[in-house]
Amino acid sequence: MARLLDIASAEPAVSDPPDPLPVPATWPAAHPVILLEGLSFTYPGAPGAALAGIDLEVGAGQQVAIVGASGAGKTTLIQLLLRFWDGWQGRLELAGHDIRRYAADDVRAVYGVVSQRTHLFTATIRDNLLLARPDAGDAELWRALEVADLDGDVRAMPSGLDTWIGEQGLSLSGGQRRRLAIARAVLRDAPLLVLDEPTTHLDTVTERRVLDALDRLAAGRTTLMLTHHLVAMERYDTIVVLDRGRIAERGTHAALLAAGGLYRAMWDIARPGTVPR
Ligand SMILES: Nc1ncnc2c1ncn2[C@@H]1O[C@H](COP(=O)(O)OP(=O)(O)OP(=O)(O)O)[C@@H](O)[C@H]1O
Ligand SMILES: [Mg+2]
């Protein structure tokens with residue numbers, strides 16, 4: 001009972017303002033959509049900060065990659081952007097306002113997320129897609145599957161869209177699950193996209209297919225890609241290198257390779273024996 005009371009009386013990690021602002025769904029080109037200044041965050045009870053002094057501006061339509069070793073703070077940063085935690089210091093703005101001026105659900109509604117763990121339900125392909133857009137018709141579902149490069153797979157399944165995908169999607173391969181998550185994000189049609197390690201544990205050929213599908217999804221959307229796996233990095237406007245909660249470097253793939261810093265070291269370690277470009 002004492003433990004239940006603890007839970008019942010615990011302060012929620014975020015609380016909505018009494019009079020939340022609406023989150024705009026479109027932004028003028030090149031207008032900062034996300035603005036971070038001196039952003040620092042320590043998990044409750046943790047001995048040290050997970051993020052410290054982060055400065056970052058993401059303009060509408062920009063493609064930004066955030067790279068760094070495991071534990072660097074990538075997922076923490078996304079959790080702050082999605083307003084899962086409020087106990088940060090510094091500045092954290094979405095569309096020109098402090099993120100705490102919005103209701104948490106409204107903030108999450110402008111983001112589409114594709115992560116390494118896709119939550120699938122023990123249901124049909126159709127049910128799993130409709131979760132993202134309950135009123136979508138078949139034509140829309142097929143269009144989303146095409147963008148995700150999953151239409152051929154679904155056509156080849158015994159009952160097409162009505163194929164039962166097994167316990168939490170167990171009858172699907174890792175690549176199919178990832179592409180189903182992409183199809184969902186297409187249906188959600190959110191203006192901001194977060195890709196958190198979307199290609200881990202995939203073989204090289206499958207990874208290529210997923211990356212191509214992600215390219216089609218990201219076109220025209222403000223995109224944040226979080227990864228420690230440096231692949232197809234040329235396509236990002238800016239790459240931010242996180243090191244133990246701080247920004248170590250930032251720039252384009254070519255500039256960061258030439259700079260010979262942490263990014264260069266990550267690149268070289270991932271490609272032992274290859275001739276540096
Ligand atoms: N819920 C939590 N409570 C306390 N500490 C946490 C929590 N989540 C993460 N951390 C700590 O915060 C730091 C940053 O973790 P985070 O998950 O953001 O790293 P990451 O860059 O996403 O790593 P990975 O590449 O492994 O996903 C780590 O030191 C981690 O141990
Ligand atoms: Mg992470």
Side-chain angles (χ1 to χ4, degrees), residues 3 6-7 10-15 34 36-56 58 63-92 94 99-100 104 107-108 111-119 174 177-178 181-182 185 192-202 207 210-211 214 217-218 222-233 236 238-251 253 256 261-271:
R3 268 154 59 201
D6 275 352
I7 294 168
E11 288 279 322
V14 295
S15 48
I34 294 166
L36 314 179
E37 253 180 45
L39 181 71
S40 300
F41 178 69
T42 303
Y43 282 101
L51 291 174
I54 303 292
D55 295 324
L56 181 66
V58 180
Q63 308 278 313
V64 176
I66 298 169
V67 306
S70 185
K74 303 181 295 292
T75 300
T76 303
L77 184 59
I78 292 310
Q79 294 208 349
L80 295 186
L81 292 175
L82 290 169
R83 210 172 164 230
F84 283 108
W85 299 95
D86 275 349
W88 42 266
Q89 283 95 47
R91 238 171 119 188
L92 168 44
L94 174 66
I99 197 170
R100 290 167 295 200
V107 170
R108 289 164 211 165
Y111 282 93
V113 179
V114 179
S115 72
Q116 102 186 55
R117 278 187 306 158
T118 307
H119 200 90
R177 297 165 67 94
R178 234 58 75 85
I182 294 172
L192 281 167
L193 198 59
V194 168
L195 313 173
D196 191 354
E197 301 283 5
T199 65
T200 35
H201 306 310
L202 298 179
E207 173 172 62
V210 170
L211 282 172
L214 285 172
L217 170 63
T222 312
T223 304
L224 295 170
M225 160 71 117
L226 293 86
T227 186
H228 50 233
H229 183 47
L230 306 184
V231 65
M233 300 308 288
Y236 293 96
T238 310
I239 300 166
V240 175
V241 184
L242 271 187
D243 181 28
R244 283 160 293 171
R246 295 178 180 275
I247 295 182
E249 330 172 76
R250 69 180 90 205
H253 174 69
L256 287 171
L262 184 58
Y263 185 84
R264 176 81 218 197
M266 286 174 72
W267 177 262
D268 288 343
I269 287 167
R271 288 161 188 75

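All ligand and atom numbering here is 1-based and tracks the order in the structure.
Using a 4.0 Å threshold on non-hydrogen atoms, atom 23 (O) of ligand 1 counts as touching the protein.
Taking all heavy atoms of Phe41, Phe84, Tyr43 into account, the minimum distance to atom 5 (N) of ligand 1 is reached by Tyr43.
In Ser70, the parts holding a heavy atom less than 4.0 Å from any atom of ligand 1 are both the side chain and the backbone.
Coordination check, Thr75 versus the Mg ion (ligand 2): passed, since an N/O/S atom of the residue sits under 2.8 Å.
In terms of modelled atom types and a separation under 3.5 Å, the side chain of Ser40 and the main chain of Gly53 share a donor-acceptor contact.
Between the side chains of Glu197 and His229, no donor-acceptor pair of N or O atoms lies under 3.5 Å.
Of all the heavy atoms in Ile66 and Lys74, the pair that sits closest is O-CD, 3.6 Å.
Proximity to Thr76 (heavy-atom distance under 4.0 Å) selects the following atoms of ligand 1: 14 (C), 15 (O), 16 (P), 18 (O). The distance from ligand 1 to the heavy atoms of Ala69 drops below 4.0 Å at these ligand atoms: 21 (O). The contact set between ligand 1 and His228, taken as ligand atoms under 4.0 Å from a residue heavy atom, comprises 25 (O).
Using 4.0 Å as the threshold, Ala72 has a heavy atom nearer than that to some atom of ligand 1.
In terms of N/O distances under 3.5 Å, ligand 1 is approached by Gly73.
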